[in-house]
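Reviewing the structure listed below.
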Amino acid sequence: MSKPEDNFETNAIRTQVAKSQFLEHSVPLYLTSGFTFEDAEEMRASFAEEKQRNLYSRFSNPNTTEFVEKICVLEGAEDGYAFATGMAAVFSTFAALLNAGDHIVSARSVFGSTHSLFTKYFPKWNIQTSYFQVNEVHQIESLIQPNTKILYAESPTNPGVDVLDLAYLSSIAKKHDLLLIIDNCFATPYLQNPIQFGADLVIHSATKMIDGQGRVLGGVTVGRKDLIREIYLFSRNTGPALSPFNAWVLSKSLETLAVRAEKHCTNALQLAEYLENHPKVNWVKYPFLKSHPQYEIAKNQMRLGGSIVAFEVKGGLQAGKSFFDSIKMCSLSANLGDTRTIVTHPASTTHSKLSKEDKLAVGITDGMVRCSLGLEHIEDIVNDIAQALEKVN
Ligand SMILES: *Cc1c(COP(=O)(O)O)cnc(C)c1O
């Protein structure tokens, strides 16, 4: 692998697997399930891990290695492993590190499927989770038990775009000897590096802004070498590996992450500023708006405010419905982090499984809209949202 430089853009482009005999400029796609050996001794030494090399693509592959190396360099991590989806990364990370009877303390606002892992599946192995409100982090210490192993959070959160103070979370984790694991999906490695603030592991759904064009699924966990070793051993046996094809697409996508993220964030800030003064909008939340409750923290730990804006249309469920039915250009989809601007109704889609109280606890109201800003011209995005708000009465 080539030597890392100081700057994000250069690392995202120049971190690359060694060239083949053909001296190609762009990294080839290594579509191979397995690898061959020179002789019996090499085969033995490779399986005994005396020799570092590719054996089988469930363990590693040049394309997945390149993708993981890039994320490690961009996040300042020691090591990592790539997964078929973001959820495979989340599940495998917990499953590799926890034992029956362990306990998790998590922010209440987490991705819908992560919430399902905590409430529906982990209890099968007697792993319980306690939740803290994202705007009441002083509650955290009172939730820690002798069997607590992991402190878990996303920042900014989905879909409420609340911001958690990563340095504060890390100080609590250190004090109580917990692992701090951060799902950094909404920020991307370009906007925020949780390891710099003391996180032990960082998870990404690469499906979102890292791919950035709504094409492939992928996930990755990076961080402390000793922890990644456990996650790697678990994964090489259980099989959630990322495909070489998707790894190749995602590694190419990282080459343009910085320029894309800059534009996504500029568009998001402009939409947020427009909505802030709109008579049909109750509130708008965006980390880099001064009105955001954690604006100072966001400024301190993020390079830019991200690509997601949350707002509430006045008039509740009926108004929300008529807003969505009037949208012309933006996509109605549950996805996010695409070149195309997407509007989502969390209450009836991504977070519909939550009880009414749980929805309110994470800030999801009936009229709430989550907007993932794309790369279209901002005038066209604002015009579409403006005409849809016009139709709400
Ligand atoms: C989408 C998402 C995931 C899950 O990723 P998939 O690639 O869809 O499995 C996890 N966490 C967050 C914050 C997400 O937005």
Side-chain angles (χ1 to χ4, degrees), residues 58 64 67-68 71 75 80-98 102 104 106-125 127 129 131 149-159 179 181-189 194 199-223 227-228 230-247 249-250 253 308 333-338 342 344 346 349-354 358 362 370 372:
R58 170 148 45 81
T64 52
F67 172 64
V68 169
I71 299 285
E75 285 286 11
Y81 186 83
F83 298 88
T85 67
M87 280 321 299
V90 174
F91 176 74
S92 304
T93 299
F94 280 105
L97 300 176
L98 290 178
D102 284 345
I104 302 164
S106 170
R108 193 172 284 283
S109 306
V110 289
F111 185 68
S113 294
T114 304
H115 191 264
S116 298
L117 286 184
F118 292 162
T119 51
K120 191 162 172 207
Y121 297 103
F122 288 168
K124 294 208 304 188
W125 299 295
I127 294 169
T129 306
Y131 303 97
K149 273 270 185 67
I150 288 174
L151 178 58
Y152 186 77
E154 301 171 8
S155 184
T157 61
N158 177 30
L179 297 175
I181 305 182
I182 301 292
D183 181 334
N184 202 29
C185 171
F186 269 38
T188 81
D200 297 290
L201 291 170
V202 171
I203 297 177
H204 282 284
S205 164
T207 313
K208 313 294 169 55
M209 280 279 281
I210 290 177
D211 173 71
Q213 290 153 82
R215 301 165 301 183
V216 301
L217 300 168
V220 64
T221 301
V222 299
L227 302 174
I228 294 295
E230 293 302 313
I231 295 165
Y232 164 75
L233 291 174
F234 175 85
S235 303
R236 86 176 233 176
N237 286 302
T238 54
L242 179 64
S243 84
F245 178 80
N246 286 8
V249 171
L250 293 169
S253 305
I308 311 290
S333 170
N335 201 9
L336 58 92
D338 196 295
I342 294 168
T344 310
T349 59
T350 52
H351 292 69
S352 59
K353 305 268 184 315
L354 272 63
D358 280 350
V362 297
R370 184 188 75 190
S372 162

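Reckoned from all heavy atoms, side chains included, excluding hydrogens, waters and symmetry mates. The structure displayed is predicted, hence computed values, not measured ones.
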If we only count heavy atoms from C-beta on, is the [X] to [Y] side-chain gap below 4.5 Å?
| X | Y | result |
| --- | --- | --- |
| Asp358 | Arg108 | yes |
| Ser253 | Arg215 | yes |
| Met87 | Leu117 | yes |
| Lys149 | Ile127 | no |
| Leu336 | Thr344 | no |
| Glu154 | Phe111 | yes |
| Leu242 | Leu250 | yes |
| Ile210 | Phe67 | yes |

Can Asn158 and Val362 be said to form a side-chain contact (heavy atoms from CB on, under 4.5 Å), step by step? CA-CA 9 Å; Asn158 177 30; Val362 297; over 6 Å; no

Determine the minimum heavy-atom distance between [X] and [Y], stating which atoms define it.
| X | Y | value |
| --- | --- | --- |
| Val202 | Glu75 | CG1-OE2, 3.6 Å |
| Pro159 | Arg370 | CB-CD, 3.8 Å |
| Ala153 | Ala107 | CB-CB, 4.1 Å |
| Pro156 | Phe186 | O-CB, 3.6 Å |
| Thr238 | Phe234 | OG1-O, 2.8 Å |
| Arg58 | Gly239 | CD-CA, 3.5 Å |

Atom pair [atom1]/[atom2] of [X] and [Y] - distance to nearest 0.5 Å:
| X | Y | atom1 | atom2 | result |
| --- | --- | --- | --- | --- |
| Ile203 | Ile181 | CD1 | CD1 | 5.5 Å |
| Thr188 | His204 | OG1 | NE2 | 7.0 Å |
| Leu233 | Ile228 | CG | CD1 | 11.5 Å |
| Asn335 | Asp211 | CG | CG | 9.0 Å |

Test side-chain contact (heavy atoms from CB on, under 4.5 Å) on Phe122 and Asp102 and set out the steps. CA-CA 10 Å; Phe122 288 168; Asp102 284 345; over 6 Å; no

Output yes when a side-chain donor or acceptor of [X] lies under 3.5 Å from a complementary backbone atom of [Y], and no otherwise.
| X | Y | answer |
| --- | --- | --- |
| Thr207 | Gly218 | yes |
| Asn246 | Leu217 | yes |
| Ser235 | Pro240 | no |

Relative to each other, are the rings of Phe118 and Tyr152 parallel, tilted or perpendicular (30° and 60° limits)?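 Geometry flag for Tyr152 against Phe118: perpendicular rings.
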
So Phe91 and Trp125, would you call those rings parallel, tilted or perpendicular, with 30° and 60° as cut-offs? tilted

Taking side-chain contact (heavy atoms from CB on, under 4.5 Å) as the test, write out the residues that go with Asp338, two or more places apart.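 Applying side-chain contact (heavy atoms from CB on, under 4.5 Å) to Asp338 gives Arg340, Ile342.
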
Keeping to residues at least two apart or across chains, list the side chain to side chain donor-acceptor pair (under 3.5 Å) pairs with something in residues 111-123.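 Not a single pair qualifies under side chain to side chain donor-acceptor pair (under 3.5 Å).
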
Please list all pairs passing the side chain to side chain donor-acceptor pair (under 3.5 Å) test where one or both residues lie in residues 81-95, with sequence neighbours left out.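 Matches after skipping sequence neighbours: Thr93-Thr221.
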
